[in-house]
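A quick write-up on the structure given underneath.
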Amino acid sequence: MTKQLVEVVTSIERRRRWSREEKERLVAATLEPGASVSEIARSAGIHVSQLFRWRKELCQISTPSVPQLVPVEVVEALPTPAARAEPPAVSRPRKKASVVMIELGGGRRLRVESDIDTEALARILDVLERR
């Protein structure tokens with residue numbers, strides 16, 4: 001017959017209470033470059049999700065909930081700047097545009113290049129819908 005070690009628990013284990021300073025210290029450690037949240041949680045004896053929750057709670061407190069106001073000065077129209085000599089336009093090789101086929105219904109199709117101005121295309125489609 002073999003003997004087995006049996007542990008008898010005689011008291012109720014209570015939850016561990018963490019002070020705010022302890023939480024802040026652990027959260028600050030997770031924010032260090034190259035820090036591993038799971039390693040920090042394991043070394044503290046807590047679950048990773050608990051450390052993420054503390055991090056979420058403590059980081060929300062430190063961020064201002066009201067947007068900062070920036071002073072603005074309203075002035076009358078500024079004088080127009082003197083005309084500058086602009087450098088000559090550099091011709092760039094045009095990329096090969098693909099063609100998009102749009103089925104309009106009633107057997108009508110519209111072929112447009114993919115680099116078409118979207119506002120112009122919207123006006124064209126408006127005109128075609130009215131017909």
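For the numbers below, each heavy atom of this structure counts, side chains included, while hydrogens, waters and symmetry mates do not.
For Ala44 against Arg16, the heavy-atom pair with the smallest separation is O-NH1, 4.1 Å. Of all heavy-atom pairs spanning Lys23 and Trp18, the tightest one is CE-O, 3.7 Å.
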Tabulate below the donor-acceptor pairs under 3.5 Å that side-chain atoms of residues 28-36 make, not counting sequence neighbours, or state none.
{"from": "Thr30", "atom 1": "OG1", "to": "Val27", "atom 2": "O", "distance (Å)": "2.5"}
{"from": "Ser36", "atom 1": "OG", "to": "Ser38", "atom 2": "OG", "distance (Å)": "3.2"}
{"from": "Ser36", "atom 1": "OG", "to": "Glu39", "atom 2": "N", "distance (Å)": "3.4"}

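Remark: Thr118 pairs with no residue by the side-chain hydrogen bond (donor to acceptor under 3.5 Å, both in side chains) rule, at least two apart or across chains. Not counting sequence neighbours, Arg111 has no partner by the salt bridge (charged side-chain N to carboxylate O under 4.0 Å, His left out) test.
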**Message:** Val112 vs Val99, test: side chain to side chain contact (heavy atoms under 4.5 Å, CB included). Steps then yes/no.
**Reply:** CA-CA 6 Å; Val112 294; Val99 176; over 6 Å; no
**Request:** Tell me, with the steps shown, if Val48 and Arg42 meet side chain to side chain contact (heavy atoms under 4.5 Å, CB included).
**Result:** CA-CA 8 Å; Val48 178; Arg42 193 177 309 117; over 6 Å; no
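Between Arg55 and Val37 the shortest side-chain heavy-atom distance falls below 4.5 Å.
Residues Arg20 and Glu24 are paired through a salt bridge, judged by an N-O separation under 4.0 Å between the basic side chain and the carboxylate.
Side chain of Glu57 to main chain of Trp54: no donor-acceptor pair is present (N/O by atom type, distance under 3.5 Å, no hydrogens or angles).
Going from atom CD1 of Ile46 over to atom CZ of Arg53 covers 10.5 Å, rounded to the nearest 0.5 Å.
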